[in-house]
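As a basis for the values below, the full set of heavy atoms in this structure was taken, side chains included, without hydrogen atoms, waters or symmetry mates. This chain uses plain numbering: 1 for the first residue, then up along the sequence.
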Amino acid sequence: GYGVRPALTQRILTAAGVREPSGLATWTEDDVRHLLDTFMEIRFPTVLVLNKIDMAHAESNIAKLYKRYDENSIVLSSALSEIFLRKMHKHQFIHYRPGDDDFVTSDADFDEDPAAETDERRALRAT
């Protein structure tokens with residue numbers, strides 16, 4: 001029903017510490033629970049996406065979650081930052097592909113004097 005192939009089944013059994021052959025009749029409820037927990041962890045890994053990391057209270061909440069969960073299962077996110085980066089790209093201030101974890105500025109996109117601001121750039125920024 002869960003589409004588990006033999007190789008994955010063996011990986012789950014190994015991770016759970018089950019050695020073949022195993023007499024299921026001798027298993028305790030804790031043994032069964034341990035196998036099911038291992039199965040769920042491997043077959044359906046959980047990823048925590050923490051949005052709004054740009055908010056003032058975010059740092060303390062992030063720290064609490066890092067103490068409780070594996071850091072490899074946590075993804076930090078900011079929809080506000082994504083919108084800002086898309087807007088900056090749209091107005092050609094940066095080169096950015098939506099969803100990327102970085103962006104590039106280009107000297108070619110700016111006047112010789114980076115501090116000089118054109119009317120066009122001021123108008124774009126206002127939108």
- request: Please step through side chain to side chain contact (heavy atoms under 4.5 Å, CB included) for the pair Asp37 and Glu41, ending with a clear verdict.
  value: CA-CA 6 Å; Asp37 288 345; Glu41 185 178 310; over 6 Å; no

task: Please answer: with hydrophobic residues joined when any side-chain heavy atoms are less than 4.5 Å apart, are Ile42 and Val18 in the same cluster?
output: yes

Leu65 reachable from Met55 in the ILVMFWY side-chain graph, under 4.5 Å edges: no

- prompt: Okay, side chain of Thr14, backbone of Arg11: is any donor-acceptor separation there less than 3.5 Å?
  reply: no

- line: Heavy-atom closest pair (Ile94 atom, His89 atom, distance to 0.1 Å) is O-ND1, 3.3 Å

- prompt: So if you build clusters from Ile, Leu, Val, Met, Phe, Trp, Tyr with side-chain heavy-atom gaps below 4.5 Å, do Tyr66 and Leu48 land together?
  reply: yes

query: Among the clusters formed by ILVMFWY side chains lying less than 4.5 Å apart, do Phe44 and Ile12 turn up in the same one?
result: yes

message: Taking atom CZ as the centre, does Phe84 end up with more than 12 heavy-atom neighbours from other residues, nucleotides or ligands that are less than 6.0 angstrom away?
response: no

- line: Value for OG (Ser81) from CG (Asn51), rounded to nearest 0.5 Å, stands at 9.0 Å

query: Going through the distances and angles, do Leu13 and Leu35 end up as a side chain to side chain contact (heavy atoms under 4.5 Å, CB included)?
result: CA-CA 7 Å; Leu13 292 172; Leu35 178 63; 4.0 Å; yes

task: Find out whether Tyr69 and Thr46 are in side-chain contact, i.e. whether some heavy atom of one side chain is under 4.5 Å from a heavy atom of the other.
output: no

message: On a heavy-atom basis, which atom in Leu85 and which in Phe103 lie closest, and how many Å separate them?
response: CD2-CD2, 3.6 Å

field: Ile53 versus Ala58, closest heavy-atom pair with distance
entry: O-CB, 3.4 Å

field: Spacing of NZ belonging to Lys52 relative to CG belonging to Leu76, to within rounding of 0.5 Å
entry: 15.0 Å

query: Is there a side chain to side chain contact (heavy atoms under 4.5 Å, CB included) between Glu82 and Tyr96 once you walk through the steps?
result: CA-CA 10 Å; Glu82 179 70 19; Tyr96 174 70; 2.4 Å; yes

message: Let me confirm one number: the CD1-CD1 distance from Ile74 to Ile62, rounded to the nearest 0.5 Å.
response: 9.0 Å

- prompt: If you group Ile, Leu, Val, Met, Phe, Trp and Tyr by side-chain heavy-atom gaps below 4.5 Å, do Val4 and Leu36 land in one group?
  reply: yes

- line: Interatomic distance, OG@Ser78 vs CG@Leu50, rounded to 0.5 Å, equals 11.5 Å

query: Is the number of heavy atoms from other residues, nucleotides or ligands under 6.0 Å of Arg33 CZ greater than 12?
result: no

